[in-house]
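We count ligands from 1, going down the list as the structure has it; atoms in each ligand are counted the same way.
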Amino acid sequence: MSKKMWDGRFQKETDSAANDYNTSLPFDCRMYAQDIKGSMAHAQMLQKQGIIPGSDAEGILTGLAQILKDIDSGILTFDSDAEDIHMFIEEELTKRIGDAGKKLHTGRSRNDQVALDIRLYLKDEAKIIRSLLMSLYQTLIAKANDNITTIMPGYTHLQRAQPITLAHHLCAYIQMIKRDVTRLDDAVARMDESPLGSGALAGTTYPLDRSFVAHELGFAGITSNSLDGVSDRDFAIELSGVFAILMMHLSRFSEEIILWSSQEFAFVELDDAYATGSSIMPQKKNPDIAELTRGKTGRVYGDLLTLLVVMKGLPLAYNKDMQEDKEAIFDAIDTVKGALVPFNGMISTMHVRSDNMEKAASGGFTNATDLADYLVGKGLPFRSAHEVSGKLVKFCLDAGISLLDVKLDEFRSFSPLISEDVYDAISLQTCVNNRTIPGSPAPDTVRSALAAAAAFK
Ligand code: ARG
């Protein structure tokens with residue numbers, strides 16, 4: 001086993017099982033670029049402040065740049081017994097440039113270093129996830145624009161309730177995704193502080209320029225308390241919360257896609273590229289992408305819970321328990337990224353069976369509320385109108401017909417207020433077209449909603 005960088009007070013080597021248990025290199029190696037970037041800014045600052053000589057800083061910067069290049073190209077691999085990515089890079093640097101490498105860690109602890117690296121890493125990943133979310137958002141807007149007059153039943157309790165349009169239904173998801181994006185932006189804004197300079201927990205006696213480092217690394221500012229700077233993981237928890245909510249939205253949508261693509265609904269047909277077959281049943285076309293998204297939502301909830309539980313009992317400041325933050329937040333990131341791409345493809349390519357949607361809206365008495373509203377228009381109080389409409393629904397159920405099939409004299413036997421204009425008043429088109437107040441399904445209202453949605457970037 002290689003010599004530990006902290007073994008001055010030790011008289012024995014670490015047990016190899018203990019070493020394996022302790023190491024985070026197999027998973028924190030994915031932060032190598034952020035670790036090197038952070039070290040470069042730190043070294044520049046040490047030189048600027050006169051803490052290390054210019055020649056040493058130069059050696060450190062050249063060495064780190066080389067290491068970054070070699071890891072990027074695959075020449076340098078992580079097969080090492082180093083304790084973590086921070087030790088790995090520092091050991092490699094010292095191997096390459098000698099004693100100057102040993103000066104890099106002046107005025108720094110792995111505690112503030114790791115807190116910095118995770119923030120940098122999460123900021124980078126959040127940017128990628130934001131753009132994936134925005135492309136799903138654009139897909140939904142395009143799909144909605146194509147379906148402004150596609151009538152479908154809206155549901156409550158999964159029972160047909162009132163006629164809406166597919167565009168209106170999609171607009172609901174557009175709003176959810178927009179909130180997911182703004183929640184992501186909020187979380188990133190709150191994590192946008194550099195903890196470097198917090199040291200192990202109590203700051204440092206070196207005259208570090210914390211703001212210089214923060215600025216070099218693209219942070220909006222610096223953390224305000226050294227204990228908090230090294231022991232805060234709220235930002236990872238908050239981001240996981242954002243991801244959990246976002247996955248919940250994708251999961252609800254997935255559930256609908258699964259229902260809609262069943263033969264019982266037949267509202268959509270998934271493109272062959274986004275469906276799978278069965279190894280035994282030749283007729284099957286399964287919505288695996290939607291089902292996996294619904295399933296993987298559980299993983300992301302689990303990641304959020306892992307982080308909350310890891311942190312709940314920890315005294316200030318750093319504790320090794322906190323090394324457990326990484327696999328959870330990394331898994332949440334991988335799962336969200338993994339879901340967004342195929343989910344977007346599935347939605348953009350799915351074929352809408354508007355005829356079946358409209359047929360479903362014509363059954364199920366989705367215009368019963370509008371019949372009651374029609375009677376209100378003729379002077380009947382709403383409660384009485386509700387009762388007349390309900391009795392007519394019962395009449396239709398017994399006769400196996402829909403409200404639009406009721407003859408005028410039959411209508412009038414329930415209420416003499418009903419006249420010929422009822423048929424137009426309760427047609428599905430009228431039901432949708434008359435719902436014009438903001439947030440409602442009338443085509444022009446939805447057009448304005450979509451124009452407003454398109455302005456969000
Ligand atoms: N690998 C550690 C982690 O991820 C880095 C910080 C180690 N600090 C320490 N004092 N052992 O949390």
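- When the options Leu133, Thr293, Thr335 are evaluated for a side chain to side chain contact (heavy atoms under 4.5 Å, CB included) with Leu340, the one that passes is Leu133.
- Side-chain contact of Arg108 with Thr204: a donor-acceptor pair under 3.5 Å is absent, judged by distance alone.
- Nearest to atom 4 (O) of ligand 1 among the protein's heavy atoms is Lys326 NZ, 2.5 Å.
- Those atoms of ligand 1 that come under 4.0 Å of a heavy atom in Ser24, given as number and element, are 1 (N).
- You'll find the side chain of Glu358 reaches within 4.5 Å of the side chain of Gln429, heavy atoms only.
- Counting only residues at least two apart or on different chains, the ring pair (Phe, Tyr, Trp, His ring centres under 6.0 Å) pairs with a member in residues 118-146 are Tyr121-Phe330, Tyr137-Phe456.
- Distance from atom 10 (N) of ligand 1 to its nearest protein heavy atom, with residue and atom name: Asn111 OD1, 3.1 Å.
- Considering both main-chain and side-chain atoms, Gln323 comes within under 3.5 Å of ligand 1 through a nitrogen or oxygen pair.
- Between Asp84 and ligand 1, at least one pair of N/O atoms sits closer than 3.5 Å.
- The main-chain N or O of Ala361 is found under 3.5 Å from a side-chain atom of Thr366 such that the two form a donor-acceptor pair.
- Nearest protein heavy-atom neighbour of atom 11 (N) of ligand 1: Arg110 NH2, 3.6 Å.
- The closest approach between any non-hydrogen atom of Gln113 and ligand 1 is not below 4.0 Å.
- The protein heavy atom nearest to atom 12 (O) of ligand 1 is Tyr318 OH, 2.4 Å.
- Scored by the side-chain contact (heavy atoms from CB on, under 4.5 Å) test, Asp303 finds Ala328, Asp331, Ala332 as partners (sequence neighbours excluded).
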